[in-house]
J.: 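What follows is a structure written as structure tokens; I'll ask about it next.
Residue numbers start from 1 in every chain, and the chains themselves are labelled A, B, ... in the order their sequence lines are given, proteins ahead of strands.
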There are 2 protein chains.
Amino acid sequence: MQDASIEKNYRAYLAGNGMLFTKERAVILSSVLSREDHFSADDLLFHMRQEGLEVSRATLYRNLKLLSQANLLVEVDFGHGHIHYEKCIGTAPHEHLVCKACGTVIEVNTSKFSEAVEKVATQAGFMVDHHQLKIFGTCQKCQAGKAEKTNP
Amino acid sequence: MQDASIEKNYRAYLAGNGMLFTKERAVILSSVLSREDHFSADDLLFHMRQEGLEVSRATLYRNLKLLSQANLLVEVDFGHGHIHYEKCIGTAPHEHLVCKACGTVIEVNTSKFSEAVEKVATQAGFMVDHHQLKIFGTCQKCQAGKAEKTNP
DNA sequence: TTAAGTGCAAACCTTTTGCACACCC
DNA sequence: GGGTGTGCAAAAGGTTTGCACTTAA
């Protein structure tokens, strides 16, 4: 889906819920759509400020929550002490490998799990919205003892 | 594994790292081992106090982290704003279904995923320690519209 | 004896909230 | 115009930390 049509959908979502499409929402939406990685609220704020786009921290948090509710973002937690966000649209289904030694998050493209997830949940009468598989362990670099600690 | 032998292992782990086996550590270990569910630091503290077992909050946090490092606990995050802990030993492999409406966490016993997880990770040169699959959606009760909001 | 651990209280950090003002439709 | 959103600053809530005191080995 193109960004323009995502914005159109978002406007419709907002209107349908009696909410306004403000300039702050426009700016936040386009900043979010421009990111390919997973990011924290702080990351995003930092990058927005670098580009001269000013929104308050409170507004950003309020809107990240809203975008999650609108299914444009998912919240992910890598145990780094804060929430990470990830675009839903234009992102291939993938899972995360989290290195306990250096903190790196590796994405693995796979759709194998999705059907298994669906099956298991359905057996419990559960209606699936989305899932998160996180695999914790040690990345290749750290196994070789040559990674520098990053803390994304 | 019996609790006694777990304690023995833990003592060995501590000794091997130049750490002491204090009475606080003994009390926390046995409290943790007595729990079958997932619990927050605060849950545990509350229950310990009900049983007249006093440790300070700081000590509890320090020791929960230590128990995780010793692979006796895993940290899980259900997006409830705080970490949950879960015993590693004596717990069947299972995954979590988290209801977005009422917050309930349902456990689903399955070992199907483990081999798939292993395979995917190995292809990325990743050494698996443990994994967490969380499935977000709506539980049966909430689909029927008859759940009262709990926030575990 | 002495290095390691504990308790306390204060600090931290991310996220949320109350309120007055601003803005979208 | 009227209700929705924003910014600010303060609060909240879970978790961590500095420091003096205690304790295991």
J.: Working note: A:His38 + A:Phe78, criterion ring-ring contact (aromatic ring centres under 6.0 Å, His included); need CA distance, chi angles, decisive distance, verdict.
T.: CA-CA 10 Å; A:His38 21 71; A:Phe78 298 126; 5.1 Å; yes
J.: Counting C-beta onward and ignoring hydrogens, is there a side-chain heavy-atom pair between A:Leu44 and A:Ser31 closer than 4.5 Å?
T.: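 Yes, close enough: below the 4.5 Å cut-off.
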J.: Rounding to an integer number of Å, can you tell me how far B:Arg25 CZ sits from C:dG7 P?
T.: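 For the pair B:Arg25 CZ and C:dG7 P, the rounded distance is 11 Å.
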J.: Can you tell me if A:Tyr61 touches the phosphate of C:dT15, counting only side-chain N or O atoms and a distance under 4.0 Å to OP1 or OP2?
T.: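 Checking A:Tyr61 against C:dT15: at least one side-chain N or O falls below 4.0 Å of OP1 or OP2.
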J.: Between atom CG in A:Leu64 and atom C1' in D:dT6, what is the gap in whole Å?
T.: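 Rounded to whole Å, this separation is 15 Å.
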J.: Between B:Lys65 and A:Ser56, which residue's closest nucleotide on DNA chain D lies nearer the 5′ terminus?
T.: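 By nearest-heavy-atom nucleotide position, the 5'-most residue is A:Ser56.
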J.: Between C:dT15 atom C1' and A:Leu67 atom CG, what is the distance in whole Å?
T.: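 In whole Å, C:dT15 C1' lies 16 Å from A:Leu67 CG.
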J.: Quick check for you: among C:dT16, D:dT6, D:dT15, whose closest atom lies nearest to any side-chain atom of B:Ala41?
T.: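 Shortest atom-to-atom distance from the side chain points to D:dT15.
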J.: Search all heavy atoms of A:Ala41 against all heavy atoms of A:Leu64 and return the closest pair with its distance.
T.: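 Closest approach of A:Ala41 to A:Leu64, heavy atoms only: CB-CD1, 3.8 Å.
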J.: How many Å lie between NE2 on B:His80 and P on D:dT15, as a whole number?
T.: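 B:His80 atom NE2 is separated from D:dT15 atom P by 14 Å.
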J.: Determine, for B:Lys87 against B:Glu36, whether the closest basic-nitrogen to carboxylate-oxygen distance falls under 4.0 angstrom.
T.: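 Yes, B:Lys87 and B:Glu36 are salt-bridged.
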J.: Using the ring of each side chain (for Trp, its six-membered ring), is A:His84 parallel, tilted or perpendicular to A:His82, with breaks at 30° and 60°?
T.: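 It falls in the tilted class, 30° to 60°.
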J.: Does D:dT6 have its OP1 or OP2 closer than 4.0 Å to a side-chain nitrogen or oxygen of A:Asn63?
T.: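 For D:dT6, OP1 or OP2 has a side-chain N or O of A:Asn63 closer than 4.0 Å.
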J.: Side chains of A:Leu73 and A:Val32: does their closest heavy-atom pair fall under 4.5 Å?
T.: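 Touching, per the 4.5 Å side-chain cut-off.
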J.: Just how far, in rounded Å, is P of D:dT16 from CG of B:Leu66?
T.: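 Spelled out: CG on B:Leu66 to P on D:dT16 is 13 Å.
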J.: Kindly say if A:Arg57 contacts the phosphate of C:dT15, meaning a side-chain N or O under 4.0 Å from OP1 or OP2.
T.: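 A:Arg57 to C:dT15 OP1/OP2: no side-chain N or O under 4.0 Å.
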J.: Quickly work out the A:His82 NE2 to D:dG14 C1' distance and round it to whole Å.
T.: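 Atom-to-atom, A:His82 to D:dG14, this comes out as 15 Å.
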J.: Whole angstrom is fine here: how far is it from NE2 in A:His84 over to P in C:dT14?
T.: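 Atom NE2 in A:His84 sits about 11 Å away from atom P in C:dT14.
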J.: Take nucleotides 18-25 of chain C nucleotide by nucleotide from the 5' end and write B, S or -, depending on whether a protein heavy atom sits under 4.0 Å from the base, only from the sugar-phosphate, or from neither.
T.: B-----SS
J.: Please give, in whole Å, the distance from D:dG14 P to B:Glu75 CD?
T.: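 After rounding, the gap between these two atoms is 16 Å.
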J.: Can you spot which of A:Leu33, A:Val74, A:Leu29 makes a side chain to side chain contact (heavy atoms under 4.5 Å, CB included) with A:Leu67?
T.: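 Only one of A:Leu33, A:Val74, A:Leu29 forms a side chain to side chain contact (heavy atoms under 4.5 Å, CB included) with A:Leu67, namely A:Leu29.
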